[in-house]
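Quick note on labels: first sequence line is chain A, next is B, and so on, each numbered from 1.
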There are 2 protein chains.
Amino acid sequence: MDIQNKKLTIQEVAKATGLTPHTLRYYERIGLIHPINREENTRRCYTMDDVGWIEFLLKLRATGMSIKDMQRYAELQRQGDETLPERVEMLKSLRDKVESHIEEMNEHLKLIHYKIDYYSKVVEERELVKV
Amino acid sequence: MDIQNKKLTIQEVAKATGLTPHTLRYYERIGLIHPINREENTRRCYTMDDVGWIEFLLKLRATGMSIKDMQRYAELQRQGDETLPERVEMLKSLRDKVESHIEEMNEHLKLIHYKIDYYSKVVEERELVKV
DNA sequence: GCTTGACTTAGAGCACACTCTAAGATGTAA
DNA sequence: TTACATCTTAGAGTGTGCTCTAAGTCAAGC
């Protein structure tokens, strides 16, 4: 069988994505994932495309996008190419948010470095006094 | 009155820090802030030092430190200089977490940039076909 | 003196994002 | 065939971090 057409069980997708079967069904229920095909029986049969989409979702999630916004994005995706401009706008807004978040983290990092250095020196001096 | 010794009401601290009075009381209740002095009556009287501590807390929070860890840090801070080594360890662990978080965000940012470019080109081509 | 508004507390309620339970159906191995 | 694991659903429960409510006290302005 073509590896691209390989069908996967919910367990296999869970293992591949790091999500639990519970969470995969939850994401489908709330519309983050389109209704997965059921082949032969009532059980879900995922494709590699589905896994790709879930991995993209996880990246959106990791950047701090809310479920609400991911639902909107998923809905647009299902509506087809007509919605590309709106999706680009969403991605641009996300890009700006992530960029300013990174800037903020870099600022906080400076303070953390400063505190580590300063406190380390104080500890050193206290050690010297003891000896 | 010396500006450093200026006493502040909960409203003033709320305005200065961006937290609400509710949240300020909550943070005190759970030990993120030491019990604030009550002068003349039962009402809280904050000092500039208190505001400085709260601002530091907000930076810890912004880096994703949990309330539980902030409680631990606050407790150590109140115990004095003996706990400096443990606080340095906490800060080092936070530094590592923030650094790898920033790295991850930069990776995600690349994908977002790529998608924006790719989709923008697709949209452009669709526009050309229409005209 | 009275109203208005800010303060106090303990504790309830909320939004988010899962995470799990219960009860039943179905597939797989011995 | 029997046992057991895994699947299904709807819906309840959980952890985190607030956020608000209720009921009462207090102080300042009209």
Side-chain angles (χ1 to χ4, degrees), chain A residues 7-47 50-51 53-75 94 97 101 108, chain B residues 7-47 50-51 53-75 94 97 101 108:
Chain A
K7 300 295 183 202
L8 300 152
T9 66
I10 198 167
Q11 282 297 345
E12 288 166 333
V13 175
K15 206 173 168 187
T17 60
L19 294 174
T20 66
H22 279 309
T23 305
L24 285 168
R25 289 188 208 102
Y26 166 66
Y27 277 5
E28 187 175 332
R29 184 161 23 128
I30 65 172
L32 288 190
I33 303 172
H34 69 89
I36 297 295
N37 272 350
R38 317 294 180 106
E39 262 183 3
E40 297 161 4
N41 46 43
T42 57
R43 297 184 186 183
R44 286 170 180 80
C45 244
Y46 293 82
T47 66
D50 295 330
V51 174
W53 169 249
I54 293 162
E55 279 168 352
F56 176 59
L57 274 184
L58 291 181
K59 287 181 208 293
L60 292 183
R61 185 180 75 166
T63 62
M65 187 183 271
S66 70
I67 286 206
K68 206 167 183 166
D69 285 351
M70 290 196 287
Q71 283 173 320
R72 177 73 186 143
Y73 193 97
E75 198 197 321
L94 182 64
K97 240 190 58 189
H101 175 71
H108 294 328
Chain B
K7 300 294 182 201
L8 299 152
T9 67
I10 198 167
Q11 283 297 346
E12 288 166 335
V13 175
K15 206 172 170 189
T17 61
L19 295 173
T20 66
H22 279 308
T23 305
L24 285 168
R25 289 187 208 104
Y26 166 67
Y27 278 4
E28 187 175 331
R29 181 158 29 127
I30 65 173
L32 288 190
I33 303 172
H34 69 89
I36 297 294
N37 273 349
R38 317 294 181 105
E39 264 183 1
E40 298 161 3
N41 45 42
T42 56
R43 297 181 186 183
R44 288 171 180 79
C45 245
Y46 294 80
T47 66
D50 295 331
V51 174
W53 168 249
I54 292 163
E55 279 167 354
F56 176 58
L57 274 185
L58 290 181
K59 285 180 209 295
L60 292 183
R61 185 180 74 167
T63 62
M65 187 184 272
S66 70
I67 285 207
K68 207 169 183 161
D69 286 351
M70 290 195 286
Q71 283 173 321
R72 176 76 186 142
Y73 194 97
E75 197 196 321
L94 182 64
K97 241 190 58 190
H101 175 71
H108 294 327

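Considering only heavy atoms from C-beta on, B/Arg38 stays 4.5 Å or farther from B/Arg43 through its side chain. Under the 4.5 Å side-chain criterion, counting only non-hydrogen atoms from C-beta, A/Leu24 is not in contact with A/Glu28.
Residue B/His108 comes nearest to A/Ala62 through the heavy atom pair NE2-CB, 3.4 Å, listed as atom of the first residue, atom of the second, then distance. Looking at every heavy atom in both residues, A/Leu32 comes nearest to A/Ala74 through O-CB, 3.8 Å.
The line from CG of B/Leu19 to CD1 of B/Ile33 is 7.5 Å long, rounded to the nearest 0.5 Å.
To the nearest angstrom, P of C/dC18 lies 11 Å from CG of A/Leu24. Rounded to whole Å, the distance from CG on A/Leu57 to P on C/dC18 is 10 Å.
Salt bridge status for B/Glu75 with B/Arg72: present, with a side-chain N to carboxylate O gap under 4.0 Å.
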Below 3.5 Å between N/O atoms, which protein atoms pair up with nucleotides 13-17 of chain C? Just atom names and distances, please.
residue: C/dA17; atom: OP2; partner: A/Ile67; partner atom: N; Å: 3.4

Response to the item:
Going 5' to 3' through nucleotides 4-15 of chain D and flagging B where a protein heavy-atom sits under 4.0 Å of the base, S where only the sugar-phosphate is that close, and - otherwise, we get --BSBB-B----
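One N or O on the side chain of B/Gln71 and one on the backbone of B/Ile30 form a donor-acceptor pair closer than 3.5 Å.
Note: B/His101 and A/His101 have perpendicular aromatic rings, judged against thresholds of 30 and 60 degrees for the angle between ring planes.
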